Amino acid sequence: MTGKIYEDIDINKPVTEIDKEILDYWKNNNIINEALNTKRDLKKFVFLEGPPTANGRPHVGHLMTRTMKDTVMRYKFMDGYDILRRTGGWDCHGLPVELEAEKHFGFNSKKEIEDFGIQKFNEYCRESVFRYIDEWHEVDDLIGFWIDQNKSYITLKNDYIESEWWALKTLYESKMLVKDYKIVPYCPRCGTSLSSHEVAQGYKNVDDPSVYVKFRERGYENRFFIAWTTTPWTLPSNEFLVVNPDFDYSLISSQGEEYYLLSSMVDTLFKDYKIIKTFKGRDLDGIRYEQLMPFLHVPDNALRVVTGDFVTAEDGTGIVHAAPAFGADDFEIAKRENVSMVNPVSLDGKFVDDLPWKDMFFENANIPIIDYLKKNKILFKSQKIKHTYPFCYRCGTRLMYYPLDAWFIKVSEIRNLLMENNEKINWFPDYLKDGRFGNFLAEAKDWALSRDRYWGTPLPVWKCKNGHYVAVGSREELKALGGNVPEDLHRPFIDDVVLKCPQCSEPMHREPHVIDTWFDSGSAPYAALHYPFNKEFNSETSIPVDFITEAIDQTRGWFYTQHVISSLLFKKNAYKNVLSIAFILDEHGQKMSKSKGNFVTARQFIDDFGADPARLFFFSGAPWNSKSIDRKLIGDLTRKSLGTLGNIYSFFASNANLDNFVFEKLEKSENILDMWLLSRLNSTIKSVRINMDSFNMHIALKNIMDLIDDFSNFYLRLSRKNFWEGELSEDKKRSYETLYFTLLSIIKMLAPMAPFYSEYLYQKLSGEKKSVHFEDYPVADTSYINEDLEKTFKYAETVLELSRRARQDAGIKGRQTVKEILIYSDVNLPEDVLNIISPELNAESIRLINQKDRPVKVVMKPVYARVAPVLRSKTSEFSDFVLKNSEKIYREIMDKGYTEYNDLQFKKEDFEINEIPDENYSFASADKLGLNVFINRHIDEKLKLIGYAREIIRRIQIMRKDMNLEYSEFINTSIDCTGDIKEAVQEYSDYIKKETLSREIKFGSGDDYRVWDIDGGHIGIKIETIN
RNA sequence: GGGGUUGUAGCUUAGCUUGGUUGGAGCACCCGGCUGAUAACCGGGAGGUCACCGGUUCAAAUCCGGUCAGCCCCA
């Protein structure tokens, strides 16, 4: 006995143990490092990591994006690319981090933070962003995310900030970064404005007041404009009423009062009324009205009706109340009309002195204001409305639209460029390109970049008292302008840097803002490489990167900001291919959230299922359709792919070791089953590659699993005997080679998706390279592909199915040999293919027959609706005639096209034609393929005895298996039986001996005999090993 | 209110681009079979108003219009 070449594996070994073993193997052999750092001078594939913030625990969704990234990179690596920028990245700044810090210290306002000290506050932020970094690293490790964390870019580093300064200076000098006074979405709790993509994250469905308010026309006691609003708290600041110049308005009278409103709304709001007059909106322009509440001082030229195109006829009354301080449209009106605005709300969201609702938080003032309107009889109607309204996406506070001094990037000016560059991006799924993303670009808003906060990249703009500004693009420039370069570029240190104005030499102080953290992450393409200070990045060649992927929420987040920044700075798109991934839902299909407590951490998920099963789960179904965690599905996927593969290996290993087979190379096999498997393999490789290349990894996985299924349940099932029987002939060698080669190819194909188990099997099977991940991805050898053969095998498989069905109908077990099976097929079924399935068909004779030789009887019936009107009283006579002479008439019609009866001609359509199988046969057909299978029902004495012999064999085999006997171990068998069965045992004892490795078969009886039921009778069997 | 997307068996889904046999799988369930690699496999059964309404067409799960519901995004 030589040693085992192919090591046995324990099929039931827990995946977690395998994971650990493989992780150790990778570490001990420096494999991960080698993969990350080997430069092979091949084609380049450039990746870019979307930076998470490590101040929260990684959850199962992160696991999914990481798996997608990893799988793509592994595939590209095996496919002969050097992967560039295979490094991590961490997003460090921003409101989320500050909020976390506020919570820690128990702060609730900016004043508290400033009293505490920005320096200490930021120190805490800096540490807290990496609170869970160890868990992230650990999870990356466990899931097999091969990425270089030692070279990760970190957005809080001075180098990173400096690159952004360069960008901001560039934008400032090209007048794309500007300071403006605008109405911006503003969180009064956080004390800062939000950009459009941040606002987009915080919409909620809410019930809000919907009030109709009466504004009295100046000079009339009882004449009112009815205006509509969902923000009663803005009513004290009303300065205009706005109508659409093109709409029709009516002045009506009802119950002693007169009202202006949109003509189309009159019936909705009034029952009894008279129309006094109708107007176009523009006719109302300039009409003065009385102030609604006499609290605030408004400019003299306010309080009049003006026109605006933004007024719609859908909501309200067609008359919009405008408070310029609290709405972008309103603000534009005030600007146009040259009227200053009235703002009674301070930066913390509270009303100021002049109002009865002093110190009240703005949204809390709605109810008392409605009460006030009611009391003063200027409320026409009040109800609730369900609509969506933006809230701060981090702290949940209702946003206000509020006038602020802020820095903007004029994104709206490059909309066309954004859209042109979008054309160069491959989106997966493709509908995002012109859908959600394209639409967003088409109406791109200016980017409100500045934040009045503490922990962020400082805005590098300084200003002197004469109103001169300078934007600083580097630490070097800071020095040149007379500033000290602090060791840390964050606040508060940077705030202390005073420059000398290049124009007037006055001292310059920094604009106090930090910038939107989305600018940080969106800058990753260049800032991660410290461009332009480090020449590793070259805007000509370094972007677009080849591939990025993140969850769907990043479509208007990171996907957008990168696209904008890249277009602004380099005029091109940031990435070529982008895969957008849907969310993972919990097992009930609910979105996961911390508050609901159904949040599954990455760690927990891996611990529960193991790395490869977790990864495979992410490839079940398209990644852009959300999926629920499904324990059963995961188990199933794993069993059918990895489990079956392990089992194939196990089969191969045990037999190859017995035969002393060692794979050297694949030589052409003449065995048709081998040829078929290699054809299947190569067609699969072809489609897998196509799908991997187009990021349809879920389809690639399905292709692979289909192959594994065919491999195991067809190839192996039908060729088992070949591997068991006989010596290691040349033919058998060819089959081993085929088996080995196919198995190895599948392992390689699966390696990017299931890197652990494939490594595990690879090391046992081949181990030629240090790791399966250093292998080349399989390339289809089309010379092996034989579509006809694959098709023929499909037919063969169907013949098997049909025979089983026909047996079942006839009540004949598969183990019972039948006299004959007749097969009719539209396509040619070669003999060698039939030979393969013949053991399973289990018949004395198997014959291919022609259509006309099929043992069927034609039974015809007249179609009465057609023949009766012609034949009249002869109809029933004809009917009998047809039934009796079906065969003859059928042949006649087939030959001539008609048959005659009583000098009348009848054609095919005059008959209902049925084929009934001969009663001696059981019949099954697959009409789509044109296949018929007939099984002779008649079981004669001889066949019956063979059947019994097989029943006995089967029982003995079960007993052998139960006793865990070696395949080659001989036994003695004793049987307790009578009658036919006894006769069968005597008649076929050689056959039984051979199949069960029985040295002898005795008849006997005893308590230690195992009792079996065969055909309703009991027989006993005992087997004993031979010492 | 607008845009996008999804809706197929109890559950997970293929098919829809390009209309054309009887809408195909898997899981679960029931019955049966096969098995000395496989908690694997195979046959049968039950389970479908292909969300709903309308249109185009000889013919619609598929194309068109509308409605409803879910999800995502925007105002």
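Note on naming: letters A, B, ... go to the chains in the order of the sequence lines (proteins, then strands), and numbering restarts at 1 for each one. Heavy atoms only: backbone and side chains are in, while hydrogens, waters and symmetry mates are out. Note that the structure is a prediction, hence the values are computed from the model and not measured.
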Separation of B:A14 P from A:Met705 CE (nearest whole Å): 15 Å
What integer number of Å spans the C1' atoms of B:U8 and B:G1? 31 Å
Students often get this wrong, so: under 4.0 angstrom with heavy atoms, is A:Glu840 touching a base, only sugar-phosphate, or nothing? nothing
Answer yes if the ring centres of A:Trp676 and A:Phe714 are under 6.0 angstrom apart, and no otherwise. yes
When rounded to the nearest Å, what value does the distance between C1' atoms of B:C52 and B:A61 take? 14 Å
Quick one: OG on A:Ser998 to CD1 on A:Ile956, what's the gap to the nearest 0.5 Å? 5.0 Å
Pairing partner (Watson-Crick or G-U wobble, both distances under 3.5 angstrom) of B:A28: none
Between B:A46 and B:A28, how far apart are the C1' atoms? Round to whole Å, please. 12 Å
For A:Trp624, answer base if it contacts any base atom (sugar-phosphate contacts may also be present), sugar-phosphate if it contacts only those atoms, and nothing otherwise; contact means non-hydrogen atoms under 4.0 Å. nothing
Return the orientation label for the A:Phe651 and A:Trp724 ring planes: parallel under 30°, perpendicular over 60°, tilted otherwise. tilted
B:C41 pairs with, by Watson-Crick or G-U criteria that keep both distances under 3.5 Å: B:G33
Heavy atoms from other residues, nucleotides or ligands near NZ of A:Lys993 exceed 12 (cutoff 6.0 Å): yes
What's A:Lys640 touching, base or sugar-phosphate or nothing? Going by heavy atoms closer than 4.0 Å. sugar-phosphate
Taking the minimum atom-to-atom distance to the side chain of A:Asp636, which one of B:A37, B:A28, B:G26 wins? B:G26
Rounded off to whole Å, could you give me the CD1-to-P distance for the A:Ile812 and B:C42 pair? 22 Å
Expressed in whole Å, how much space separates the C1' atoms belonging to B:U22 and B:G48? 14 Å
Between A:Leu633 (CG) and B:U13 (P), how many Å, whole number? 9 Å
Nearest 0.5 Å please: distance from the CZ atom of A:Arg815 over to the OH atom of A:Tyr948. 12.5 Å
What are the atom names and distances for every N/O pair under 3.5 Å that joins the protein to nucleotides 43-48 of chain B?
| unit_1 | atom_1 | unit_2 | atom_2 | d |
| --- | --- | --- | --- | --- |
| B:G43 | OP1 | A:Glu801 | OE1 | 3.3 |
| B:G43 | OP1 | A:Glu801 | OE2 | 3.2 |
| B:G43 | O3' | A:Arg805 | NE | 3.4 |
| B:G43 | O2' | A:Gln808 | OE1 | 3.4 |
| B:G43 | N2 | A:Gln808 | NE2 | 3.0 |
| B:G43 | N3 | A:Gln808 | OE1 | 3.0 |
| B:G44 | OP1 | A:Arg805 | NE | 2.7 |
| B:G44 | OP1 | A:Arg805 | NH2 | 2.9 |

Partner nucleotide, any strand, of B:G7 [Watson-Crick/G-U, under 3.5 Å]: B:C68
Once you round it to whole Å, what is the distance between P of B:C11 and NZ of A:Lys627? 19 Å
Can you tell me how far C1' in B:U49 sits from the matching atom in B:C68, rounded to whole Å? 16 Å
Full working for ring-ring contact (aromatic ring centres under 6.0 Å, His included) between A:His563 and A:Trp558: CA-CA 8 Å; A:His563 187 70; A:Trp558 193 56; over 10 Å; no
Can the ring centroids of A:Phe723 and A:Tyr736 be said to lie less than 6.0 angstrom from one another? yes
5'-most by nearest nucleotide on RNA chain B - A:Thr996 or A:Ser628: A:Ser628
Which of B:U38, B:C73, B:G33 is nearest the side chain of A:Arg436? It is B:C73
What's A:Ser712 touching, base or sugar-phosphate or nothing? Going by heavy atoms closer than 4.0 Å. base
So, is A:Arg815 near the phosphate of B:U35, with a side-chain N or O under 4.0 Å from OP1 or OP2? yes
Which value, in whole Å, describes the distance between the P atoms of nucleotides B:U67 and B:C42? 46 Å
Which label fits A:Trp427 and A:Phe437: parallel for a plane angle under 30°, tilted from 30 to 60°, or perpendicular past 60°? tilted
Using the C1' atom as the point on both nucleotides, what is the distance between B:C63 and B:G20, in whole Å? 14 Å
B:C73, OP1 or OP2 - any side-chain N/O from A:Arg556 closer than 4.0 Å? no
If only atom types and distance count, is the side chain of A:Asn703 paired as donor or acceptor with the main-chain N or O of A:Thr684 below 3.5 Å? no
If I pick the C1' atom on B:G47 and the same atom on B:C31, what distance separates them, to the nearest angstrom? 15 Å
Spell out yes or no: do the side chain of A:Arg954 and the base of B:U35 have one donor N/O and one acceptor N/O closer than 3.5 Å? yes
5' priority, RNA chain B, between A:Tyr431 and A:Tyr401 [closest heavy atom]: A:Tyr431
Distance test, side-chain N/O of A:Lys961 to OP1/OP2 of B:U38, below 4.0 Å: yes
Determine the contact category for A:Ile648: base if any of its heavy atoms lies under 4.0 Å from a base atom, sugar-phosphate if only primed atoms, P, OP1 or OP2 are that close, otherwise nothing. nothing
